[in-house]
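Counting starts at 1 for both ligands and their atoms, in listed order. Only heavy atoms go into these numbers, but all of them, side chains included; no hydrogens, no water, no symmetry mates.
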Amino acid sequence: MPTTNPAPSTDFIRAAIEEDLRTNRFGGRVCTRFPPEPNGYLHIGHAKALCLDFGVAEEYGGLCNLRYDDTNPTKEDVEYVDAIKEDIHWLGFDWGDREYYASDYFERLYEYAEQLTMRGLAYVCDLSADEIREYRGTLTEPGRDSPYRNRSVEENLDLFRRMRAGEFEEGSCTLRAKIDMASPNIVMRDPVMYRILKAPHHRTGDGWCIYPMYDWTHGQNDSMEGITHSLCSLEYEIHRPLYDWFLDALGIYHPRQIEFARLNLSHTVLSKRKLRMMVEEGIVSGWDDPRMPTLCGLRRRGYTPEAVRLFIRQVGLAKTDSVVDIALLEYCIRQDLNLHAPRAMAVLRPLRVVIDNYPEGLVEELEAVNNPEDATMGTRQVPFSRVLYIEREDFREDPPKGYFRLSPGREVRLRYAYFVQCVGVVKDPQTGEAVELHCTYDPSTRGGDAPDGRKVKATLHWVSAEHATPAQVRLYDRLFTAPNPDQEGHGYREFLNPKSLEVVTSCQLEPSLASAAPGSRYQFERLGYFCVDGVDSRPGAPVFNQTVPLRDPWARIEEAQRKG
Ligand code: ATP
Ligand code: MG
């Protein structure tokens with residue numbers, strides 16, 4: 001759609017809204033809605049819709065309604081209704097007092113359906129679901145008229161009222177719009193408006209046994225709420241003629257539907273149906289499993305709303321579907337946590353180190369910087385003593401070329417502390433594995449520099465054994481090994497990453513982390529970002545979830561492979 005004066009900095013949706021504001025199409029108003037179906041938890045794809053729906057409303061001084069699309073009682077649950085609200089608030093958006101439900105409008109919608117029936121624009125059809133499909137035709141063949149298509153208005157009205165009254169069995173008949181069985185657009189071939197479902201609804205109880213279809217519901221609800229721009233994902237593009245047809249047939253206020261591309265994320269699936277299956281099959285621990293692409297999963301993983309919104313901004317808006325690399329999401333959380341997460345020292349796989357020449361019983365409090373990116377976050381004291389833990393992988397008895405960390409005879413820096421030199425290795429007689437190192441320290445290097453100017457090539461993190469807090473740390477990897485688990489092969493299950501969760505017990509943390517509050521986030525120096533698990537953590541027995549490693553190990557591996 002060419003505009004005479006396209007604003008260079010805006011996307012096609014904002015451009016369309018600005019155009020409508022210029023032409024006064026909706027009296028200068030902007031009102032959007034976010035329409036979740038309460039049949040699952042929100043995922044990162046919904047975050048895109050949320051940022052758009054609430055975002056444009058905010059930007060143009062308008063409003064965004066929350067409207068539950070609760071037209072299918074068999075799949076819906078209040079558990080989801082509550083979770084959706086929590087997630088929207090977490091992301092930073094608010095619908096004020098405009099919390100609506102499609103089911104609030106069932107009565108008015110029914111009246112509209114009677115109007116169309118009375119005007120000969122809807123009819124009761126006795127074809128079964130299979131027969132309707134068969135009569136519908138295909139993309140290349142036109143459909144055939146239902147044998148019930150030419151019932152009289154009186155008969156249709158009588159049957160429709162009796163449908164509502166519960167006189168007919170489920171599946172025995174439907175109300176259909178009378179449009180055009182030869183339309184090139186299959187959606188327009190006499191779409192079903194109501195089906196019989198003898199199921200109680202979580203809000204209307206037993207009040208209804210006919211339930212409206214999405215297409216019949218959505219546009220009319222938009223109209224009743226005075227929505228100006230009904231933004232939805234691309235799969236609704238072919239439904240737009242129907243959206244328009246219903247509103248025009250009823251002659252009521254007509255909002256504008258605009259479609260945008262769905263967000264797809266690599267190495268995961270974004271479909272509530274599949275996510276629910278993973279929960280039900282126990283592949284993950286729940287909707288909030290930190291590996292899930294749900295908003296509650298990301299939150300438990302340590303993602304911030306700011307990082308999610310930054311990610312959505314980076315993705316931008318497009319009119320064609322594409323898959324966004326999950327590495328971009330990880331980049332966004334690193335950006336945010338680098339600026340805001342306090343640093344701490346944590347040893348995931350401890351190796352005991354005894355500093356032979358450090359006085360027994362002496363404890364020094366050494367000053368550590370909380371965040372080098374933000375001086376206002378100050379410093380803290382970290383205790384240093386004769387027995388420490390370092391990371392097992394920071395020691396190699398036979399260091400390969402380029403390995404600069406600790407090895408026999410080698411001197412390294414302990415962060416915020418001293419230079420130490422490895423003078424002995426105690427090994428497990430059975431396995432030959434190092435179980436304890438002996439080092440000496442140079443007291444003149446306190447704080448991390450040698451007065452004689454000598455250099456070391458590595459700085460290690462450490463914790464004082466006597467002061468350390470033991471903890472469980474959960475390391476996460478991608479849920480799927482394939483970038484597009486949905487598209488490749490025969491089903492996403494075969495690409496499940498068996499190593500997506502690694503539980504590391506007996507980690508040792510610096511004592512300041514003993515009282516870390518659930519949900520609080522840290523950078524464990526040299527390792528990555530971690531967040532106190534809000535579900536399983538206990539005072540004195542903290543559980544940390546890895547949000548993201550400091551650098552992307554996959555990128556590093558790939559880089560190494562590329563270089564051969
Ligand atoms: P799913 O396929 O995951 O079940 P859905 O479209 O059925 O998703 P709804 O609850 O109906 O889920 O979605 C609410 C809103 O979020 C809709 O406007 C929908 O277009 C939008 N939405 C859902 N998934 C995505 C996605 N991956 N990217 C962008 N928008 C999405
Ligand atoms: Mg939907």
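The shortest side-chain heavy-atom distance between Leu550 and Tyr529 falls under the 4.5 Å cut-off. Between Arg300 and Asp536 there is a side-chain heavy-atom pair separated by less than 4.5 Å.
Looking at ligand 1, you'll find an N or O of His43 within less than 3.5 Å of one of its N or O atoms. Here's the thing with Leu263: one of its N/O atoms is less than 3.5 angstrom from an N/O atom of ligand 1. Taking any N or O of Asp69, backbone or side chain, none lies under 3.5 Å from an N or O belonging to ligand 1. Some N or O of His46 is nearer than 3.5 Å to an N or O of ligand 1, by distance alone.
Tyr41 and Asp288 share no side-chain donor-acceptor pair at under 3.5 Å.
Checked against the 6.0 Å centroid criterion, the rings of Tyr194 and Phe160 qualify as a close aromatic pair.
Ligand-side atoms of ligand 1 in range of Pro35: 14 (C), 18 (O), range being under 4.0 angstrom from any heavy atom. Taking every non-hydrogen atom of Ala49 and a distance limit under 4.0 Å, the qualifying atoms of ligand 1 come out as 16 (O), 21 (C), 30 (N). The atoms of ligand 1 that sit less than 4.0 Å from any heavy atom of Phe34 are 15 (C), 16 (O). Those atoms of ligand 1 with a heavy atom of Ser233 less than 4.0 angstrom away are 19 (C), 20 (O). Of all the atoms in ligand 1, the ones that sit under 4.0 Å from a non-hydrogen atom of Ser271 are 3 (O).
For atom 2 (O) of ligand 1, the choice among Arg262, Arg273, Lys272 with the nearest heavy atom turns out to be Arg262. Between the choices Cys232, Cys51, Gly45, the shortest heavy-atom distance to atom 31 (C) of ligand 1 belongs to Gly45.
Ring geometry for Tyr243 versus His218: interplanar angle of 30 to 60°, hence tilted.
Other residues, nucleotides and ligands place more than 12 heavy atoms under 6.0 Å from the NZ atom of Lys274.
Nearest approach of Phe480 to Leu496, heavy atoms of both residues: CE2-CD2, 3.6 Å.
Cation-pi contact between Arg144 and Tyr135: present, with separation from the ring centre below 6.0 Å and deviation from the ring axis of at most 45°.
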